[in-house]
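Scroll down for the structure; my scribbles are underneath it.
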Amino acid sequence: MKIKIGAGILVFFALMALLGPLLIGADPAATSDDGLQGPSAAHWLGTTQTGQDILTQIVYGARISMGVGLLSAVIATVFAVLVGLVGGYFGGAVDETLSVLTNIFLVLPALPLIIVLAGYLPQRGVASVAVVIAVTGWAWGARVLRAQTLSVRRRDFVQAARAGGEGPFRIVFFEILPVLLPVIATSFLATVVGAILAEAGLSFLGLADLSTVSWGSMLYFAQNGQALLIGAWWWFIPPGLCIALIGTGLALVNFGIDEIANPRLRTIKVRKARA
Amino acid sequence: MIVLEGRNLTKHFTAARGPRGRFGKRPPVRAVEDVSIALRAGTVSALVGESGCGKSTVARLLAQVCPATSGEVLLRGEPVRAHRGAAFRDYRRQVQLIFQDPFASLNPFHRVRYHLARPLRIHGHVRSDAHEQELIAELLERVSLTPVEQFMDKLPHELSGGQRQRVAIARALAVRPVALIADEPVSMLDVSIRLGVLRLLEKLADESGLALLYITHDIASARYFAEDITVMYAGRLIESGPSEALTQEARHPYTRLLLDSAPDPDRVTPPEATRHGEPPSLIDPPGGCRFHPRCPVALPVCSGEAPGRTELGEGRWTHCWQAESALTP
Amino acid sequence: AGCSSGGSGGSGGTAGSAPPLVIHAVDAGTFQEDFNPYHLEGVNFGTSGMIHETLMYFNKLKPGEITPWLALKHEWSDKGKSVTFTLRQGVKWTDGQPFTADDVAFTFQMLKDHPQLNRNALEIEGAKALAPDKVRVDFKNTSYAKLFNIAGNSPIVPKHLWEKQQDPATFTNPKPVGTGPYKLSKFSAQLYEMEKNPSYWQPGKPEVPVLRFPAYTANALQTALQQGEVDWAGAFVPDIEKIYVQGKPEQNKFYFPPEGVVALLPNLTHPILSKPEVRQAISLAVDRDKIVKVAERGYTKVAHPTGVPMPGGEAYVPPEYQAAAYKVDLAKAKELLKGVDPAKLKFTLLVPSPFTDWVNAAQLIREDLAKVGITVETRGVAFQDWVSKVGKGNFDLSIRATASGPTPYFQLRSMLHGSLFKPVGEAATGNYQRWKDAETDRLIDEYAATEDEAEQQRATQGLGKIMVEKLPTLPLFYSPSWSQFRTNKYTGWPSEQDPYAMPSPYTSPDAAVVLLHLKPAAK
Amino acid sequence: MSFLARRLGFYLLTAWAAITLNFLIPRLMPGDPVELLVARMKGNVDPAAIDAMRRAFGISDASVWQQYLDYLGNLAQGELGRSITFFPTEVSTVIADSLPWTVGLVGVATLISYVVGTSLGVLAAWKRGTWMDGVLPAATFMHAVPYFWVALALVFVFGVTLQWFPVSRAYGLDVMPGLTGEFAGSVVYHAALPAVTIVIASMADRILGMRNVMVTTLGEDYVVMAEAKGLTSRRVMWAYAARNAILPNITSFALSLGFVVGGSVLTEIVFSYPGIGSMLLKGVENEDFPLMQGIFLVISLAVLVANFLADLAYVVLDPRTRQESE
Amino acid sequence: MNVLEIRDLGVDYLSGSGVVHAVTDVSLDLRRGEILGLAGESGSGKSTLANAVARLLRPPAAITSGSVVYRRQDGSSLDLLALKREELRKFRWKELAVVFQSAMNSLNPVSPVGAQIDDVLRIHAPAMSRKERTERSVELLQRVGISADRRRSYPHELSGGMRQRAAIAIALALNPEIIIMDEPTTALDVVVQRDILHEIRALREEYGFAVVFITHDLSLLMEISDRIAIMYAGRVVETGTARGLHKAPRHPYTLGLLRSFPRLHGPREELLGIPGTPPDLRSLPPGCAFHPRCRLAVAECSSVLPVLTPGADGAVACLLNGGSGAGEEES
Ligand SMILES: Nc1ncnc2c1ncn2[C@@H]1O[C@H](COP(=O)(O)OP(=O)(O)OP(=O)(O)O)[C@@H](O)[C@H]1O
Ligand SMILES: Nc1ncnc2c1ncn2[C@@H]1O[C@H](COP(=O)(O)OP(=O)(O)OP(=O)(O)O)[C@@H](O)[C@H]1O
Ligand SMILES: [Mg+2]
Ligand SMILES: [Mg+2]
């Protein structure tokens, strides 16, 4: 159920990001003379101060926001998987080093670090922002994966594979990795949420590329244009809501996966005992 | 013929967690101390002991899954030295393990076919895909998972515990080993289906001339399925002998306690009620004979020095200061 | 206190009856206790002008209008390498010590000794008190053109206190003593207050007894403006009607006079952009009216093609171009571009992301240029990145504001002077588009070499001609000087009709001049 | 106390890593603060002045190694250099002025969020299948809402529209800081909205985390047994289930602190709260190396200290770590 | 002299993939002071039955039918399934206590064992002073062989056997009439198990409580219990005295179980085992659920559901052994 709702939300946004621009077609940055219009038939979600259509911006922004989220989550997850699995499986000095590294990145406050890093970025393109976010976002996944690897490594099937003569590479990537897929999936999805939030935060602070339209940069412009003070709620509500919804969707899918792994977590309908 | 032999195997684990002693070093867990054991072709030997006494560690040492602290393992009389490379792979091919928990010993992600195909490939037993198919079918047949086609493409969770254990056995057989170590292969299975698996193992030892080590805490099943039994206590061997003789006429007080404690509805008089205390810690095991704190007949010497092996003839031996004297019933 | 005339008859407070004036000059979350007028960034607003005064006052809104202040007059000698000031008598520091030529000499000597304080880049040789009311400052080179920097932008500090400081560069002057109309009375991280200097040399002034400077960040200020907490501010307000005016234009006033010009910079080292016809075409295609209306919300005006602020700068504009104005002409633009390979008409337009109005302007420029077949990719980058890229010449097109001064010459010099030319890769401090032209340099040098106003104006007109005809850079609109002021407490603010000083509270010493003009509003 | 000793060692190592990272980042990244300052002055600066400023800002040409040693030496004396933004104020002064606000705000808000979130999580698990399940979708949504958006919404509703709360700064303009009731009241009043923002945005994680652990704990035999013992529901819920469920949550709470601090940076910026977050942004905007470094360092160290405190709490609460065995 | 009467009890788990009939139509009596053994394969519903009786079932489990009546010595009785929350709370532990399979998991890991006894006393015997409670805790712990100074130990500081003893001590705290023991010794090794079994027997002699002893180790049950009930696929298929069952099992399943245990002494008798695997409780085979694995099954077995029919020394539900069918095929 949760997975269905969550996946529904995600599919909706994915379609919006992929097909939306084709349907809407317009340039999200295109200005017009009717600035600061509330929602109307012409502009479903109203316009910004410079007359940009907010719906168009939301649709295009989905690409950037989700793109950054996915890209940095992919980078972070690949890194997390490598660090977590390698450290967890091989143990010893490799593991000690990797886990200290992981823990360091885990306790260092991510957003300030992102801000500082982004502050120095020469080129604040989508990719570099994604990389910066990934740099600070891999540690949690690596930690979880390491812990899981440690426990999976002890599982008999790994021992059996070793006794059967499998090499370490194959054990890590063919025996352990598949078993950890649900964990990797949850950690990936959580990283996506984190990355989308981080990108929004960065854009909101004006530390990302503001000439590309993303939900975060929309909020930045809304804030700069004092959308709140002039009561232009249609300007700042949709982007924030989209971020929150997509995060909710991802979280729902995540919780759904958790519940499959741990059925106790499900919400249950209590039936009266003995009818 | 002795196929696989462990000589004076000792294993100390440094615990990953737990208290540190002085200088920040953690005291080792003395899991296995001075264990020598031999497996013969076509024979089932049993290793019996209570939980935590080090049985699995012995199994792992023999299978060379983890290195021994001291002592050596001999395969057909040749000491095993290699720990990597082709020589070691060859060792892996000859000695195989079967694990206690059939639910954990198969990767839930891979199909039966994969589980059997991998060892076949790694050890170069296949010539072609068709040949592989043939070999897998043959293996499944040997462990009585028929009809073969039906089982080949199943995932572990689609199998019952007994069936999984059979797959695990088939996988071990796939590399064509000469020795098979079964670490509590049935203790996780329901009583009603244990027999089937044990019979299968017995049959394999019999027909293929495998040397089989049957590790268990159920001494009664060892009596039924093994030719000889070795009893272990707190990391040390204490007694060994042909199974019938050992179970009917134990020579070591611990073995007798074990036999007395085992539930047996046929028992006429229930054993006397005395508290025996708990098995000792392996971090700081009792000095001398490790059983002495619980031993009903302990002498002062028992706490001072570990008893050596006393040969009792007919393949029997024991580690007890009173092996010959007081104990003979 | 107590000598204020009229005003609202509030309850008999000790500090006089006129209400305090709440001022917001620069965005700040908190204040640091720094009142060193020569500090660039950390210094609190009001230090120069209200506390430390300059020798003269230059009204940028009326180029050429100079008011004697601490100095009564000046005299150049040695071909502009030396200037002698005659000082006002009877001026006292707020600690009671008299203000003398020693203080002035000390101040300029300090600038010489501590170059990091010499933010006007004065080439001082030395300074000498000739008499209690006479001081001479010597320069390495002819410095006629720098009179504004010398007399109008160098606040005088008290020698008797400052000479005790080991390092005036890090001295934060927490208890400032000045000659100005106000003195510091309260300081906390969120708010500081100044009260009137009772013994100020302009008798009866100022009439505003207390100035309050609360710390507002850019965002908080908007709310404060809306809620009427601030009386005088200088801020960009996205929607001034809704946020500030709120239907009371007679009370909630604003005045945004031009201060320098914002121009579209074509990188002249770019093979295509170095062609005058391409720049001409770009200029013809850009709809500056729309930019002003949409991106700048109509707060400013389209620049005069010479870049000279108008009205006010008439004397500095060549007569034939007095009435010149930009007109969009797409057909002509296309015509001009005929000879250029359309595939090469592709540029990136670099803008600093935080300047949202420029980001919007860039977007409009992109739309306009697309109409004549020029493809522009706008790229918003971090402020510091933009600074470094533009400084080093690593851009195709960019938007940048130019420095302003008391006459248009300052602006044109920094835009065009060959001495500021730096090869691509080296950080420039002006002339970012990299203009190199002998005629331009000659005119600029001519201006600097004379004290004669008419000659100076002629030189500047020459520069204006170059601007219109050769398009070294494309002026877009004047950068507005922001000022919002309410007339419910005080009146007498500058206006288009009476531009006696820059109205923005962040311009010093103009803000002090404004304060000296204010009178309590009649109830 | 080997557990604590080990953790302490780890934190020291992490602190060192943070310090070094802090040193490296600005040096690995391009950019020059003086150039920026010059840009701000619209070019009215003498090249000689630029060099002098550069020296004043401690930008030297010494070897990186030498710079690192100098940096460590200065740090040891508590010297973080001078801020460029607030030149010539010392970075340590800027931080000392702003840190208390952040610590107060984030500390109190986090405490509230932890207590309320944990309690709600416990209840949500305990009352599964009742209306309490409604908390979950709400928490799931809040879990994904950006801090600054919550802040903006609160500003809009309670600050701008209803005008119930001030929406900027840390205390009223008319009160002077001091140990007065008026000042304290003003501080609390001004902290209300930012604190609520942090509470709202960070509470969801606590609710969801606690609920999940709690649900798992409720299935444990000892909880079933506690119920079988006929204990009151409250006692079972708190003394048996929640008491155990809190343990794994302490670690995740400690680790999430960094996230909360990050969120509070954004919150501070929206509310113009004079804390360290606003300063950080200011530092970044002005490419103020010393200030950024100092603030990042202080935040990191604060999070490390908080983590260590959480470890201490863990040791106190879990007898298994308190004892010297596993 | 029954202390507990279970009648036609049914429990279902409402899982996503179908309803699991974990306990179906179970009727059982527990006599005062006896040890009733409950045996059966894994998943046969033993724990579910015990939890139903103790009212410890949680969703998705639901009691679908039947009654559980508790009879006091004074003749009054209590319908356990109808108890309200507060009544239930009062009934619990005073009259019925539970010892779980793994004491490591059933003791609160963050509370000393003494405090866990104290907890019970404080709620159920509010009249006792703190000192009295402490004395009682010490007494109970000593009674099960734990020295008084261990009162302050946390569960993880005790060995497996001691934990199990502590759990038993907690169960004894209020002198209950019934103690349900769900596999209390499975996690222990045989020597320790033996000691604990002795302890249980001795305590039973002393306090006179009745025990429901659950295990799948039939040979163990034969030794310790007075009567035994065998469960298969959620139903009780045979009951009888331990001796009787050992000598003459009547249900083929009981026989199969008995002949699955290798014997330690005497001649090596052939082990039978039971072929096949336990059924899926979501879709039981029609008729006797055991028939697909039964060596003796006849055609009828696959259509007629046998009911538990009392015999000389217990009851059996098998068509072959004096049992009778419940009529035609059931769904
Ligand atoms: N990797 C390890 N690190 C530290 N100690 C270990 C490790 N593996 C086993 N031990 C310890 O060694 C001792 C023997 O363990 P082993 O698993 O060999 O016992 P076992 O007889 O197989 O027990 P069981 O019947 O429970 O399987 C135990 O005390 C165990 O805690
Ligand atoms: N929460 C649950 N949801 C669904 N089915 C359940 C649940 N708990 C138990 N069952 C099912 O109910 C049946 C009876 O379980 P129960 O635990 O009573 O068996 P048991 O006889 O105690 O087994 P064991 O010997 O393994 O303890 C089993 O088939 C089990 O799969
Ligand atoms: Mg083992
Ligand atoms: Mg059970």
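In what follows, every heavy atom counts, from backbone to side chain, and hydrogens, waters and symmetry copies are set aside. Convention: sequence-line order gives letters A, B, ...; per-chain numbering from 1. All values derive from a computational prediction rather than experimental measurement.
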Problem set entry | Reported CG-to-CZ distance for the pair A:Leu180 and B:Phe109, which is rounded to 0.5 angstrom | 9.5 Å
I'd like a table of all donor-acceptor pairs linking chain B to chain A (distance under 3.5 Å, no angle check), giving the atom names and the distance to one decimal.
unit_1   : atom_1 : unit_2   : atom_2 : d
B:Val65  : O      : A:Arg162 : NH2    : 3.2
B:Arg92  : NH1    : A:Arg162 : O      : 2.8
B:Gln96  : NE2    : A:Ala163 : O      : 2.9
B:Ala104 : O      : A:Phe157 : N      : 2.9
B:Asn107 : ND2    : A:Glu175 : O      : 2.8
B:Asn107 : ND2    : A:Glu175 : OE1    : 2.9
B:His110 : NE2    : A:Phe174 : O      : 2.7
B:Tyr114 : OH     : A:Arg170 : NH2    : 3.2
B:Arg118 : NE     : A:Glu166 : OE1    : 3.4
B:Arg118 : NE     : A:Glu166 : OE2    : 2.8
B:Arg118 : NH2    : A:Glu166 : OE1    : 2.8
B:His123 : NE2    : A:Gly164 : O      : 2.8

Seminar exercise, completed: So, the part of B:Ile122 with a heavy atom under 4.5 Å from chain A: the answer is side chain
Problem set entry | Side chain proximity check, A:Phe157 to B:Pro108, heavy atoms < 4.5 angstrom | yes
Seminar exercise, completed: Heaviest contributor of heavy-atom pairs below 4.5 Å to chain B, chosen from A:Leu181, A:Val179, A:Val152, is A:Val179
Problem set entry | Largest heavy-atom contact set with chain B, pairs under 4.5 Å, which of A:Gly164, A:Ala160, A:Ala163, A:Gly91 | A:Ala163
